[in-house]
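So the structure is just underneath, and the comments pick up after that.
One-based numbering along the sequence shown. Reckoned from all heavy atoms, side chains included, excluding hydrogens, waters and symmetry mates.
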Amino acid sequence: MKILFLDQSGKPGGAELCLIDIAKSYGKNAFVGLFADGDFRKLLEKNQIPVEVLATQVINVRKQSSLLQALGGLGQLAPLIYKVVQRAREYDLIYANTQKALVVGAIASFFARRPLVYHLHDILSTEHFSKTNLRIAVTLVNRFCSLVIANSEASKTAFLEAGGQPNLIEVVYNGFELNNYQTCEADIQNLRHELGLKDKFIVGHFSRLSPWKGQHILINALVKCPQNVIAVLVGDALFGEQDYVQDLHQKVAALGLENRVKFLGFRSDIPQLMAMCDVVAHTSIAPEPFGRVIVEGMLCGKPVIAAKAGGAMELVKEGINGFLVTPGEALELAQVINTCVQEPERTANIANHARITASECFDVNMINQQIQKLLQSLF
């Protein structure tokens, strides 16, 4: 089976990392068409996945765009759609990995006469999308898609509530390469020494710096934790959210936490950094479609504290393989962090159970088999 994957991003986010794991299993029978250049292209090349940047200009349509803005973006898409149509005729199906990819892929699938698969990595609700973009997405899916793969039951439910056809959608969780989360104790100790955190209790936060990802919640919680509790923020701003980064730095200064919050920016050594932490915190204030960082924390054998909404509720069972807290509640988050500090043996048992169950449920080989079976059913 030859697959043309489409993705709008030049930067590697959760959806893009998921695409790498899927495309890699098809070798030279996979081709990834990107709508922007950047580190994601380099990652694809590093994994020996054929890739090309197909767009010649930035597509200025965002999740919250109005109808007028969406229509204005259509003119930009014409050359891109033409390229995708030509490419698609060499492949058996088109696999749209993002919403802009869905728009282009839907039109291209019509002209190239190839089945369209949409991998839904978003919760289709007005918390994340404008009403216009929601309507466009659902209409295109219902009209052109042969299959929708949702990354959680939460994503599937939102799709159905937005008007998506139930016969199109199947749930397949994200897969993870388990060997990537085997870390060396020496590397962990070296990282602690390098960052000056040798004797600290480290709470790690791993995601892009964005208001809805809730880094400010963790900073507020830190005030209610002992002095040796340190927050490490891994990730950087995307999509023009630099103002939020400035706000975070100002908040840290105003609360006198300059020595207790470290901004590490974008890093490629995520498993090692997670293994260095005592706790991994997930603080999204809007429902998360899946929660990739939650599973990664589990695979690293770390206790995970997750916001109780969306896909996180499918991954975390309170007190069994992690902890759940009310989204946006800094005091509640602080209380759970303090529990982890005070009850290390119980916390370690929870983290160990999480590592075992995550290894059993999210092995990328098993997940890829599920996806392959669904794709083959289209033929």
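Side chains of T283 and H205 form a contact here, defined as non-hydrogen atoms less than 4.5 Å apart. Side-chain contact between Q370 and L374: absent, with no pair of heavy atoms (C-beta onward) separated by less than 4.5 Å. Inter-residue side-chain proximity for C145 and L102 is flagged as met; some heavy-atom pair is nearer than 4.5 Å. With contacts defined as side-chain heavy-atom distances shorter than 4.5 Å, the pair K262/L197 qualifies. Considering only heavy atoms from C-beta on, V117 comes within 4.5 Å of L378 through its side chain.
Side-chain atoms of S284 do not come within 3.5 Å of backbone N or O of A286 as any donor-acceptor pair. For Q99 (side chain) and F129 (main-chain N/O), no donor-acceptor pair under 3.5 Å exists by modelled atom type. Checked by atom type and distance alone, the side chain of R267 never pairs as donor or acceptor with a backbone atom of V234 at under 3.5 Å. A donor-acceptor contact shorter than 3.5 Å links the side chain of D92 to the backbone of K2. Checked by atom type and distance alone, the side chain of R192 pairs as donor or acceptor with a backbone atom of M276 at under 3.5 Å. When atom types are taken as modelled, the side chain of E318 and the backbone of L324 share a donor-acceptor pair closer than 3.5 angstrom. Judged purely by atom type and a 3.5 angstrom limit, E127 has no side-chain atom pairing as donor or acceptor with the backbone of P287. Side chain of K11 to main chain of D39: no donor-acceptor pair is present (N/O by atom type, distance under 3.5 Å, no hydrogens or angles). Judged purely by atom type and a 3.5 angstrom limit, D363 uses its side chain to pair as donor or acceptor with the backbone of N365. Looking at N338, its side chain never comes within 3.5 Å of a backbone N or O of C225 through a donor-acceptor pair.
The two residues L248 and Q215 have their closest heavy-atom pair at CD1-CB, 3.9 Å. In this structure, A158 and I123 approach most closely via the heavy-atom pair CB-CG2, 3.6 Å. Of all non-hydrogen atoms in T98 and D7, the two that sit nearest each other are CG2-OD2, 3.5 Å. Of all the heavy atoms in N151 and Y173, the pair that sits closest is O-CD2, 3.2 Å. Closest heavy-atom contact between V141 and V148: CG1-CG2, 3.4 Å. Across every non-hydrogen atom of P303 and F323, the tightest pair is CB-CE1, 4.2 Å.
A continuous path of ILVMFWY side-chain contacts below 4.5 Å connects M274 to L315, so both sit in one hydrophobic cluster. No chain of hydrophobic side-chain contacts below 4.5 Å, direct or via other Ile, Leu, Val, Met, Phe, Trp or Tyr residues, connects I22 to F176. Both L116 and L120 sit in one connected hydrophobic cluster of ILVMFWY residues. Membership requires side-chain heavy atoms under 4.5 Å apart, directly or through other members. A single hydrophobic cluster is not seen to contain both V364 and F290; linkage of ILVMFWY side chains at heavy-atom distances under 4.5 Å, directly or through other members, places them apart.
Residue K308 places its NZ atom among 12 or fewer non-hydrogen atoms of other residues, nucleotides or ligands, all under 6.0 Å distant. A 6.0 Å sphere centred on NZ of K224 holds no more than 12 heavy atoms belonging to other residues, nucleotides or ligands. Within 6.0 Å of atom CG in N259, 12 or fewer heavy atoms from other residues, nucleotides or ligands are found, so the atom counts as exposed in its surroundings. For Q250, the CD atom counts as densely surrounded, since its 6.0 Å shell holds more than 12 non-hydrogen atoms of other residues, nucleotides or ligands.
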Give the intermediate values and the outcome of side chain to side chain donor-acceptor pair (under 3.5 Å) for residues R355 and N352.
CA-CA 5 Å; R355 182 183 56 77; N352 187 53; 2.8 Å; yes

May I have the step-by-step check of side chain to side chain contact (heavy atoms under 4.5 Å, CB included) for I371 and I149, ending in yes or no?
CA-CA 8 Å; I371 291 176; I149 299 174; 4.1 Å; yes

Run the side chain to side chain contact (heavy atoms under 4.5 Å, CB included) check on S9 and L34 step by step: do they pass?
CA-CA 7 Å; S9 181; L34 299 181; over 6 Å; no

Check the pair I367 / N174 against side chain to side chain contact (heavy atoms under 4.5 Å, CB included), numbers first and verdict last.
CA-CA 7 Å; I367 298 298; N174 290 357; over 6 Å; no

Candidate pair E288 and W212, rule side chain to side chain contact (heavy atoms under 4.5 Å, CB included), full reasoning
CA-CA 10 Å; E288 192 85 52; W212 85 272; 3.4 Å; yes

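The distance from atom CD of Q272 to atom CG of N190, rounded to the nearest 0.5 Å, is 11.0 Å. Note that CG of L233 and CZ of F206 are 9.5 Å apart. Values are rounded to the nearest 0.5 Å. With values rounded to the nearest 0.5 angstrom, I337 atom CD1 is found 5.5 Å from L218 atom CG. Note: L375 CG to I3 CD1 = 5.0 Å, rounded to the nearest 0.5 Å.
Legend: residues meeting ring pair (Phe, Tyr, Trp, His ring centres under 6.0 Å) with H353, ordered by chain and number and at least two apart, are absent. Considering only residues two or more places apart in sequence or on other chains, E52 meets the salt bridge (charged side-chain N to carboxylate O under 4.0 Å, His left out) condition with R87.
A side-chain N or O of K251 and one of N220 form a donor-acceptor pair less than 3.5 Å apart. Side chain to side chain, E185 and Q189 meet the donor-acceptor criterion of an N or O pair below 3.5 Å.
Of the residues listed (H121, E16, Q8), the one engaging N97 in a side-chain hydrogen bond (donor to acceptor under 3.5 Å, both in side chains) is H121, and it is the only one.
Ring geometry for Y95 versus F5: interplanar angle of 30 to 60°, hence tilted.
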